[in-house]
Amino acid sequence: MGKPVVCLDQVVIRFAGDSGDGMQLTGDRFTMDTASLGNDLSTLPNYPAEIRAPQGTLPGVSSFQLHFADHLIQTPGDAPDILVAMNPAALKANIRDLPRGATIIVDRDEFTTRNLSKVGYATNPLEDGSLESYKVHAVGLTSLTVAALAQLSLSRKEAERSKNMFALGLLSWMYHRPTEATENFLKAKFGKKPEILQANLLAYKTGWNYGETSEDFAVSYKIAPAKMPAGKYRNISGNVALAYGLIAASQQSGLKLFLGSYPITPASDILHELAKQKKFGVITFQAEDEIAAVGSALGASYGGALGITTTSGPGLALKSEMIGLGVMLELPLIIIDVQRGGPSTGLPTKTEQADLLQAMFGRNGESPVVVLAPSTPSDCFDMAIEAARIATTYRVPVFLLSDGYIANGSEPWKIPDVSTLPDLAVEFAKTQEDFLPYLRDPKTLARPWAIPGTKGIEHRIGGVEKADKTGEISYDPTNHDLMVRARAAKVAGIDIPDLVVDDPSGKAEVLLLGWGSTYGPIAAAVELLRANGEDVAQAHLRYINPFPKNLAEVLQKYPKVIVPEMNLGQLSMLLRAQFLKDVIGYNMVRGLPFTTTEIIEATMEVLND
């Protein structure tokens, strides 16, 4: 008889091991198989900052967390229900996150005296009773994998590299994940290396069979598909969604997409993805440094392309002077900043929201720019298109502030009907007499986009102040005041939607106001608070400069406004300064996203005050 099957509504799984153990690949494959079954899901990859930390040490631990369910979910989960730990370091680095009663699957072969001492274990936790509050499965992942591959002419070290596939097979059995997609993935990845392919397939199938036959695993679990709006879906990460959104914007505008970029974690995947898309006319340029990257993008915009540059915090600092030139030239430019922990190199693989003030003010002089922030991985697609609309319509640099959590995390994305995408067609200046390069459109205050080489519209460019209308160099004080105010008015007058507030009763006393990747934890917390009878409202800012025109009214309506941020209160500072509203900041800078529980506890403190 088959083993019993238990039906669940959701589960959170975390794979953890050395950075060389393939945890990201394992988690990604499990996610793809989960997406194919129609579960709603959210992921949180967590990379070590060291490129190659000493094997078996805490700094080298890499993890991948996946939350999937039969209903709509907002976050990767507060804590794992199951931890798969490939060595003692992975166990020690993650055990503090596990609730009592959680399941732990460990590779007992790695719990040697040497490996235990590396991470400060005086005794073996698998034997000393310290894990008695958990359901522990000590499985010989390494030895079972090596035994399964004994028929192949691989060294023991080479065979051990496939143990992540054994773990993937075991978890796939446990949660009834389909196997065909992963088998096809392995065939595509290792097709030119037959023995490596055979090793991974054998390990994967052995892991599956171990779950089916071992008495150590008494039950398996099923989670039904989530009820989602009809349509075609795919799993997508924030970085990939940004790349696709930029391609869509290029197609809808008829402009050549040019990306000038210098590789930097965690933004590099946008460059990698766009480099694959030459079939859409995409041009990618890996520059020698950040300054050259943004300079090439601005030059592309001057030549009539959709100029884009990607970076993270330290790289953004280097781009500041060239972005200021973009403000002065009044050309479209999209700057994507995938924020990470700082300052300086900081926490290069961890998430943070601490670049907001740098985006707003990190240039010399009065140099206003547009600042947008996507809220989820799939929202990155829409906001990339919106950034292109604003940049090309108003001829301004536009910041798109993502972060490591959004960039690397993934969720189901309903693929839009291309016919529903906005028309972003651009009209360039035409040949004419007495061309005035700074004669502004009365509605948008944008100056003409004049392509070099067009007869009769030759004009000056550069960083020195320009005369109104003519564009000639001008040091006149009155003209400078006029141009500074015109550039500021253009940004302030950009057409954006009003802020939408979710307040079912219309009588809530407390508003949770977020931006960027705080959307998921806030939404999940509000859902649970309301289920417990608390009356709270929520709203989320995707437009930060300019703010939505109804924001002042929204802030005044609620006596208490809580602003959770992964910084020390940067949005709170802007809100207090502009609206004189004493918002309540809730701030953490740990390199990790907020948990739902943390948001609930912070809200309850305010409600009970």
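Numbering of residues begins at 1 and proceeds along the displayed sequence. Worth knowing before you read on, the calculation uses all heavy atoms, side chains too, and leaves out hydrogens, waters and symmetry mates.
When all heavy atoms are compared, the tightest approach of Pro564 to Ile522 is CG-CD1, 3.8 Å. Across all their heavy atoms, Gly585 and Ser572 have their closest contact at CA-OG, 3.8 Å.
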Show your reasoning for whether side chain to side chain contact (heavy atoms under 4.5 Å, CB included) applies to Lys560 and Asp609. CA-CA 11 Å; Lys560 298 178 181 179; Asp609 187 7; 4.1 Å; yes
Go through Asp379 and Arg542 one step at a time and tell me if the salt bridge (charged side-chain N to carboxylate O under 4.0 Å, His left out) criterion holds. CA-CA 10 Å; Asp379 189 42; Arg542 297 158 82 220; 2.7 Å; yes
Could you go through Trp413 and Phe381, starting from their C-alpha distance and side-chain angles, then the distance that decides it, and tell me whether this counts as ring pair (Phe, Tyr, Trp, His ring centres under 6.0 Å)? CA-CA 9 Å; Trp413 172 54; Phe381 177 85; 5.0 Å; yes
Should Gln538 and Asp502 be marked as a side-chain hydrogen bond (donor to acceptor under 3.5 Å, both in side chains) after you check the CA-CA gap, both sets of side-chain angles, and the distance that decides it? CA-CA 5 Å; Gln538 66 171 326; Asp502 175 19; 3.1 Å; yes
Start with the C-alpha gap between Glu472 and Arg460, add the side-chain angles, then the distance that decides, and say whether salt bridge (charged side-chain N to carboxylate O under 4.0 Å, His left out) holds. CA-CA 7 Å; Glu472 297 294 330; Arg460 295 176 184 270; 2.9 Å; yes
Run the numbers on Ser402 and Gln339 for side-chain hydrogen bond (donor to acceptor under 3.5 Å, both in side chains), then give the verdict. CA-CA 6 Å; Ser402 177; Gln339 301 165 95; over 6 Å; no
Assess whether salt bridge (charged side-chain N to carboxylate O under 4.0 Å, His left out) is satisfied between Arg576 and Asp582, documenting all intermediate values. CA-CA 6 Å; Arg576 291 180 185 124; Asp582 190 16; 3.6 Å; yes
Apply the test salt bridge (charged side-chain N to carboxylate O under 4.0 Å, His left out) to residues Lys319 and Glu290: give CA-CA distance (whole Å), side-chain angles for both, the deciding distance (0.1 Å), then the verdict. CA-CA 6 Å; Lys319 295 180 188 289; Glu290 296 281 7; 2.9 Å; yes
Show, in sequence, the C-alpha distance, side-chain angles and deciding distance for Asn408 and Leu44, and conclude whether the side chain to side chain contact (heavy atoms under 4.5 Å, CB included) test is met. CA-CA 7 Å; Asn408 296 318; Leu44 177 62; over 6 Å; no
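Exactly one residue among Phe399, Phe547, Trp515 makes a side-chain contact (heavy atoms from CB on, under 4.5 Å) with Val371. That residue is Phe399.
A 6.0 Å sphere centred on NZ of Lys414 holds more than 12 heavy atoms belonging to other residues, nucleotides or ligands. The number of heavy-atom neighbours closer than 6.0 Å to OH of Tyr262, taken from other residues, nucleotides and ligands shown, is 12 or below.
Note: Leu259 CG to Gln286 CD = 10.0 Å, rounded to the nearest 0.5 Å. Once rounded to the nearest 0.5 Å, the distance linking OH of Tyr302 with CD1 of Ile461 reads 4.0 Å. Distance check: Leu512 CG to Ile600 CD1 gives 10.5 Å after rounding to the nearest 0.5 Å. Between the CD1 atom of Ile562 and the CD1 atom of Ile599 there is a distance of 8.5 Å, given to the nearest 0.5 Å. Taken from OG in Ser320 to CG in Asn364, the straight-line distance is 7.5 Å, to the nearest 0.5 Å. Of the inter-residue distances, the one linking Ser474 atom OG with Tyr438 atom OH reads 12.0 Å to the nearest 0.5 angstrom.
Without hydrogens or angle criteria, Asn587 side chain to Asn567 main chain gives a donor-acceptor distance under 3.5 Å.
A donor-acceptor contact closer than 3.5 angstrom is absent between the side chains of Asp495 and Tyr394. No hydrogens or angles considered: nothing links the side chains of Asn479 and Lys466 as a donor-acceptor pair under 3.5 Å. Side-chain contact annotation: Ser410 with Thr43, donor-acceptor N/O pair under 3.5 Å present. Looking only at atom types and distance, the side chain of Ser42 has no donor-acceptor partner in the side chain of Gln74 under 3.5 Å away. Side-chain atoms of Glu565 and Thr518 form no donor-acceptor pair, as typed in the model, at a separation below 3.5 Å.
Note on Lys557 versus Glu509: no salt bridge recorded, every NZ/NE/NH1/NH2 to OD/OE distance being 4.0 Å or above. Between Glu598 and Arg590, at least one side-chain nitrogen of the basic residue sits less than 4.0 Å from a carboxylate oxygen of the acidic one, meeting the salt-bridge criterion. In summary, Asp403 and Arg340 do not engage in a salt bridge, as defined by a charged side-chain N under 4.0 Å from a carboxylate O. Ion pair Asp97/Arg14 flagged as a salt bridge, since at least one NZ, NE, NH1 or NH2 atom sits closer than 4.0 Å to an Asp/Glu carboxylate oxygen.
Side-chain contact between Leu306 and Ile308 is present, with heavy atoms from C-beta onward closer than 4.5 Å.
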